[in-house]
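Values below: every heavy atom of this structure, side chains too, minus hydrogens, waters and symmetry copies. Naming convention: chains lettered A, B, ... in sequence-line order (proteins, then strands); numbering from 1 in each chain.
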There are 2 protein chains.
Amino acid sequence: MAAKADGNTIRTERTRARILAESLTLFNERGEANVTTGMIAEALGMSPGNLYYHFRNKDEIVERLFARFEERVDVQPAAPAGGAAPRDAPWGPGAIEDLWLYLHLMLEGMRDYRFLYRNLDDLTARNSRLHLHFNRIVDRKLAAVEALCEDLVRVRAMRATPAEIRTLARNVLVVATYWLNFQALRAPRAKRAVGDEVDLGEAAYQVMALIAPYLAGAARRHHDRLSRHYID
Amino acid sequence: MAAKADGNTIRTERTRARILAESLTLFNERGEANVTTGMIAEALGMSPGNLYYHFRNKDEIVERLFARFEERVDVQPAAPAGGAAPRDAPWGPGAIEDLWLYLHLMLEGMRDYRFLYRNLDDLTARNSRLHLHFNRIVDRKLAAVEALCEDLVRVRAMRATPAEIRTLARNVLVVATYWLNFQALRAPRAKRAVGDEVDLGEAAYQVMALIAPYLAGAARRHHDRLSRHYID
DNA sequence: GTCTATATAGGGATAGAC
DNA sequence: GTCTATCCCTATATAGAC
């Protein structure tokens with residue numbers, strides 16, 4: 001909480017923050033293209049003119065939100081145990097759980113900024129910075145997934161060739177990137193307006209299911225136990 | 001070729017067809033939302049007014065194109081060999097090739113109407129018929145993939161539990177549905193405007209890779225042989 | 001910093017002449 | 001059937017008062 005006595009700078013910042021927060025909510029609910037600056041202003045009980053005092057244009061709002069998203073989601077997974085797997089569990093149950101954890105972290109970020117995924121094509125076509133940065137994120141994610149898989153292979157928790165791992169990583173990215181869209185598409189129309197209770201568990205389950213068949217022995221069984229909750 | 005002597009009915013139909021064809025091209029190239037009726041008319045060297053003589057509104061064009069897409073893509077896969085697998089190859093190599101074939105067929109349809117996939121969210125949110133019908137297609141595809149997998153299990157070409165098959169089918173649908181989007185997203189900006197040479201082989205390869213790890217013995221080897229071309 | 005009023009532009013769609 | 005002209009609405013963005 002900032003003190004109120006600080007003058008106008010803080011008020012300005014607070015208003016900017018309110019605009020960003022409301023924009024994010026509306027964008028996620030109805031899609032960026034279907035939200036006008038007027039709607040944002042109205043939702044905040046402020047005039048459209050005032051909104052434009054704080055942001056040059058709508059795209060600046062999008063860019064700002066994307067920057068936050070990027071900051072939040074562009075983190076590397078926990079450094080893998082490497083060769084240091086405990087002797088009593090050389091197949092690394094920790095590695096599997098790290099994967100679940102990392103996956104959930106990513107999915108939460110994607111859920112909170114899901115408007116970006118709703119119209120990826122148009123957003124990236126309109127805005128070259130966004131296209132560039134988004135692809136950079138994907139590049140890093142691909143590398144991260146491949147590295148995690150290679151680690152699993154190293155500790156014999158997974159059996160897969162390098163080619164299989166690359167293909168697998170791509171599919172992991174695709175499913176992770178678009179699952180929430182698919183989920184929304186599948187939902188009955190009534191629920192779509194409401195917008196929410198996105199089921200991240202289901203998303204994580206679907207992604208892990210891509211990896212599962214390559215897991216070996218105890219690691220596979222460990223995964224099956226963890227994912228049992230999500231089988232319909 | 002229709003005879004010219006037939007009067008105006010044919011001319012009308014031909015113009016409608018030209019409008020649809022041009023709309024499809026432009027929609028695929030730039031996205032439905034980014035194509036105005038004016039652009040369509042101009043591309044055809046006709047006036048906007050004339051376009052509206054043939055179609056009540058833009059959405060009618062979209063609906064008509066969707067109907068064609070639906071007709072083309074909503075076909076069932078070849079009836080599986082069932083118990084009638086040849087004695088010398090009980091693992092059914094035919095079944096694997098049928099799968100490839102069916103997959104290519106579907107992907108071609110999706111490529112030719114890819115504008116539908118570009119903004120699935122908005123299109124289905126705007127148009128409830130589209131939402132309904134699209135989901136009906138997905139339902140059938142899910143059932144078809146599950147049936148194909150169950151057949152493979154029956155002839156021992158695949159090892160998978162019913163739960164695994166359901167999860168697998170969902171992932172197959174997601175990857176098939178969104179792979180072309182992913183591909184476009186990954187392409188450098190220069191190529192995106194041009195719009196094309198969509199690599200369906202890569203798409204098919206990625207989808208088949210989902211199924212591969214569940215294939216058993218000779219069927220797995222058969223798949224590996226077929227997909228070898230696509231390994232980077 | 002916030003408001004009201006308005007400029008500006010684009011796109012969907014219609015009217016009416018030919 | 002096709003064209004020209006235009007209406008109408010919506011959305012972004014700005015000007016200027018308070």
For nucleotides 7-9 of chain D, give me every protein contact, N/O to N/O, under 3.5 Å, one pair per line with atom names.
none

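- Scanning for side chain to side chain donor-acceptor pair (under 3.5 Å) contacts around B/Arg72 gives B/Asp112, with sequence neighbours left out.
- A ring-ring contact (aromatic ring centres under 6.0 Å, His included) check over residues 25-44 of chain B, counting only residues at least two apart or in different chains, returns the pairs B/Phe27-B/Phe115.
- Using bins of under 30°, 30° to 60° and over 60° for the plane-to-plane angle, the ring pair B/Tyr230/B/Trp100 lands in the parallel bin.
- With sequence neighbours left out, B/Glu164 forms a salt bridge (Lys or Arg N to Asp or Glu O under 4.0 Å) with A/Arg220.
- For the contact set between residues 16-27 of chain B and DNA chain C, defined by any heavy atom under 4.0 Å, there are no members.
- Rounded to an integer number of Å, the gap from CG of B/Asn50 to P of C/dG16 is 18 Å.
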For nucleotides 9-14 of chain C, tabulate all protein N/O to nucleotide N/O atom pairs closer than 3.5 Å, reporting atom names and distance.
unit_1 : atom_1 : unit_2  : atom_2 : d
C/dG12 : OP1    : B/Lys58 : NZ     : 3.4
C/dG12 : OP2    : B/Thr37 : N      : 2.9
C/dG12 : OP2    : B/Thr37 : OG1    : 3.0
C/dA13 : OP2    : B/Tyr52 : OH     : 3.2
C/dA13 : OP2    : B/Lys58 : N      : 3.0

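- Not counting sequence neighbours, the partners of B/Glu63 by the side chain to side chain donor-acceptor pair (under 3.5 Å) test are B/Asn127, B/Arg129.
- Atom CD in A/Glu32 sits about 12 Å away from atom C1' in D/dA11, given to the nearest Å.
- Checked against a 6.0 Å centroid threshold, the rings of A/Phe134 and A/Tyr117 count as neighbours.
- For B/Glu70, the salt bridge (Lys or Arg N to Asp or Glu O under 4.0 Å) partners are B/Arg136, not counting sequence neighbours.
- Here D/dA17 presents its C1' atom at 15 Å from OH of A/Tyr53, a figure rounded to the nearest Å.
- Sorted by first then second residue, the ring-ring contact (aromatic ring centres under 6.0 Å, His included) pairs that include residues 34-63 of chain A, not counting sequence neighbours, number zero.
- A straight line from CD of A/Glu60 to C1' of D/dA13 spans 13 Å, rounded to a whole angstrom.
- One atom, CG of A/Leu44, and another, P of C/dC3, lie 10 Å apart when rounded to the nearest Å.
- Set against D/dC3, D/dT2, C/dT2, the side chain of B/Thr15 has D/dT2 as its closest nucleotide.
- Annotation: side-chain contact (heavy atoms from CB on, under 4.5 Å) contacts of B/Ala43 (sequence neighbours excluded): B/Glu22, B/Leu26.
- Residues satisfying the ring pair (Phe, Tyr, Trp, His ring centres under 6.0 Å) criterion with A/Tyr102, sequence neighbours excluded, are absent altogether.
- Contacts classified as salt bridge (Lys or Arg N to Asp or Glu O under 4.0 Å) and involving residues 173-186 of chain A (residues at least two apart or in different chains) are given here: A/Arg186-B/Asp139.
- If you take CG of A/Leu51 and C1' of C/dT4, they are 15 Å apart, rounded to a whole angstrom.
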